[in-house]
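Numbers here are sequence positions counted from 1. What's counted below: heavy atoms across the whole structure, side chains too, no hydrogens, waters or symmetry copies. Start at 1 and go down the list; that is how both ligands and their atoms are numbered.
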Amino acid sequence: MTVTIVGSQLGDEGKGGIVDLYGDDADVVARYQGGDNAGHTVVHEGEKYKLSLVPSGAIRGKVGVLGNGCVVNPRTLFAEIDTLQDRGLDPDVRVAERAHVILPYHRILDGIEEEVKSESGDEVGTTGRGIGPTYEDKAGRRGIRVGDLLDPDVLRERLEYVVPQKRAVVEDVYGIAVEDLENPEALDVDALFEEYREFGRRFEEAGMPVNAGQFLTDAMAEGEQVMIEGAQGTIIDIDHGNYPYVTSSNPTAGGAATGTGLSPGVVGSGEVIGIVKGYLTRVGSGPLPTELGGVVGDTPGYEAQGEGENEELAHQIREEGGEYGTVTGRPRRVGWLDMPMLRHATRVSGFTGLAINHLDVLAGLDEVKVGHTYTLDGEELATMPARTEQWAECEANLRSFDGWEAVDWAAAAEEGYEALPENARTYVEYIEDELDTPAYAIGVGPGRGETIVRKQPF
Ligand code: GDP
Ligand code: IMO
Ligand code: MG
């Protein structure tokens with residue numbers, strides 16, 4: 001069977017940790033979208049691993065697959081594999097031949113477009129990894145796929161078609177001379193051919209390229225268990241998120257089928273676990289109705305919605321939770337849990353279970369609030385409006401819960417759910433009831449031993 005892990009909010013919900021936890025019973029862990037914009041943290045035997053591309057299961061010796069829906073930067077991928085090898089691991093990573101390749105000019109274009117948008121305060125606050133421009137080329141049928149790196153003639157032909165177009169965009173649309181760029185070789189066909197052909201050889205020598213859908217289907221036919229690891233989260237999904245403040249892929253469960261090549265029936269007959277952070281964080285721009293305190297440059301106009309004056313509380317949660325971007329190190333914006341957002345996420349992905357993380361971070365607060373519903377134009381809404389500008393107008397109707405004190409979290413995790421402070425259980429049960437979905441796991445710390453496991457999905 002499959003177990004699919006989906007971020008229910010804005011990314012960084014603790015997906016890596018849950019993949020690591022449940023991945024124990026999996027044979028294969030496959031990513032289905034995104035690229036090195038992801039930053040998934042796995043804590044194993046006291047060691048912290050921050051993974052951008054290598055699927056989180058690789059830390060424990062599972063086969064990792066980057067599905068066709070991913071965008072792969074071979075520089076990052078090989079650097080990550082090398083680093084893991086230096087740390088004594090031997091990750092077995094396969095890459096879909098159909099996955100698209102992030103080339104150096106994609107990063108350049110990501111940077112230029114953000115710069116241009118920032119002149120009117122409209123930047124998305126991307127990770128700068130070239131994700132959007134690579135998916136644009138995929139949709140525009142001018143992308144370069146992993147399989148193309150394996151055939152020198154095809155690679156050269158594709159580069160000769162696309163690179164002059166990119167040069168023209170840089171020079172004629174944005175008025176920047178290519179020679180003035182920090183890395184003009186990023187737009188040089190010969191230089192690109194040489195470097196990416198070499199990556200192709202390395203992929204081949206390592207036996208990494210696969211037909212992902214076939215590979216995963218064969219694995220399942222042999223009785224293997226497949227964990228499907230989402231990156232990012234529902235509200236930055238290009239279809240179901242707060243467009244245009246989104247990433248350029250589908251982190252929601254539908255993406256797990258298109259991005260792996262397993263059929264929707266296969267994915268849908270497995271478990272789909274929504275990962276919920278017990279509060280909210282956001283890196284990058286866009287509305288946030290329950291925001292507690294803004295971050296200059298990311299909070300639009302630096303006027304936080306919600307209880308935006310609660311700078312101090314936001315700071316406290318940010319420090320307690322170590323809420324700084326795994327990829328970019330940017331401080332994350334902080335807010336209360338948002339139920340209209342979670343109702344939307346639950347509907348879109350059809351969660352069969354939840355993992356609710358970071359309850360330890362909230363310990364010690366007198367009260368913990370949640371945005372229960374919104375008010376928009378005098379009307380009460382239980383779920384998010386589709387229009388981003390309307391979402392920005394939503395006022396959260398907060399509910400207050402009594403806080404809970406910190407306990408020995410590892411001991412509580414060992415003992416089980418009843419060892420969780422009563423007020424924390426009330427909070428968990430409220431979320432379960434509102435979403436009509438059981439919490440399979442409750443995170444009370446970053447390590448695997450700090451998770452209360454109520455159900456094993458495999
Ligand atoms: P991902 O992108 O969804 O995999 O999440 P990130 O790794 O970017 O961010 C989650 C951070 O919270 C990491 O530093 C995790 O180690 C940590 N973490 C995960 N679950 C918990 C939890 O229940 N409590 C605490 N305190 N930290 C957690
Ligand atoms: P994980 O997998 C949180 C955000 C960026 C930006 C927007 C678009 O660790 O949860 P992009 O570079 O993808 O074009 O940026 O999406 N973003 C993330 N936020 N967690 C992530 O990944 C993210 N990946 C992208 O900050 O707002
Ligand atoms: Mg992350």
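- Annotation: Glu115, atom CD; neighbour count of heavy atoms from other residues, nucleotides and ligands within 6.0 Å does not exceed 12.
- In this structure, Gly125 counts as a contact residue of ligand 2, since one of its heavy atoms falls inside 4.0 Å of the ligand.
- Close N/O approach between Val361 and ligand 1 is not found [any backbone or side-chain N/O within under 3.5 Å].
- If you check the side chains of Thr134 and His100, you find no donor sitting under 3.5 Å from an acceptor.
- Take Tyr324 and apply the side chain to side chain donor-acceptor pair (under 3.5 Å) test, not counting sequence neighbours, and it matches Glu319.
- Val283 O, 3.1 Å is the protein heavy atom nearest to atom 27 (O) of ligand 2.
- In this structure, the protein non-hydrogen atom closest to atom 4 (C) of ligand 2 is Ile236 CD1, 3.9 Å.
- Atom 25 (C) of ligand 1 has its nearest heavy-atom neighbour, among Leu51, Asp360, Val42, Val444, in Asp360.
- In terms of N/O distances under 3.5 Å, ligand 1 is approached by Thr41.
- Remark: minimum distance from atom 20 (N) of ligand 2 to any protein heavy atom is reached at Asp12 OD1, 3.2 Å.
- The shortest N or O to N or O distance between Gly39 and ligand 1 is below 3.5 Å.
- Of the protein's non-hydrogen atoms, Thr247 OG1, 2.6 Å is the one closest to atom 13 (O) of ligand 2.
- The residue from His358, Lys50, Lys277 that puts a heavy atom closest to atom 17 (C) of ligand 1 is His358.
- Within a radius of less than 2.8 Å around the Mg ion (ligand 3), the protein N, O or S atoms are Asp12 OD1, Gly39 O.
- With atom 21 (C) of ligand 1 as the reference point, the heavy atom nearest to it among Gly445, Gly14, Gly443 is part of Gly445.
- Remark: ligand 2 and His40 share an N or O pair separated by less than 3.5 Å (distance only, no angle test).
- At least one test fails for Arg94 against the ring of Phe215: distance under 6.0 Å to the centre or angle within 45° of the axis.
- The ligand atoms of ligand 1 that sit less than 4.0 angstrom from a heavy atom of Arg332 are 8 (O), 9 (O).
- For Asp436, the CG atom sits in a loose shell: 12 or fewer heavy atoms of surrounding residues, nucleotides or ligands are nearer than 6.0 Å.
- Some N or O of Gly39 is nearer than 3.5 Å to an N or O of ligand 2, by distance alone.
- Protein heavy atom at the shortest distance from atom 15 (O) of ligand 2 is Thr126 CA, 3.4 Å.
- Looking at atom 8 (C) of ligand 2, its nearest protein heavy atom turns out to be Val246 O, 3.4 Å.
- Counting the atoms of ligand 1 from 1 in the order shown, those under 4.0 Å from a heavy atom of His40 are 1 (P), 2 (O), 4 (O), 7 (O).
- Below 3.5 Å of separation, one finds an N or O of Lys15 facing an N or O of ligand 2.
- Annotation: atom 22 (O) of ligand 2 to nearest protein heavy atom, Gln232 NE2, 3.4 Å.
- Looking at Arg330 next to ligand 2, an N or O pair under 3.5 Å apart turns up.
- A donor and an acceptor atom, one from each side chain of Arg129 and Thr127, are nowhere located under 3.5 Å apart.
- The Leu10 neighbourhood of ligand 2 comprises atoms 3 (C), 19 (N), with distances under 4.0 Å to a heavy atom of that residue.
- For ligand 2, the polar-atom distance check against Asn37 finds a nitrogen or oxygen pair separated by under 3.5 Å.
- Of all protein heavy atoms, the one lying nearest to atom 12 (O) of ligand 2 is Thr127 OG1, 2.6 Å.
- There is no side-chain donor-acceptor pair under 3.5 Å between Thr247 and Gln232.
- Between Phe199 and Phe78, the two ring planes are parallel [angle under 30°; tilted spans 30° to 60°].
- Close approach to Gly16 involves these atoms of ligand 1, each under 4.0 Å from a residue heavy atom: 4 (O).
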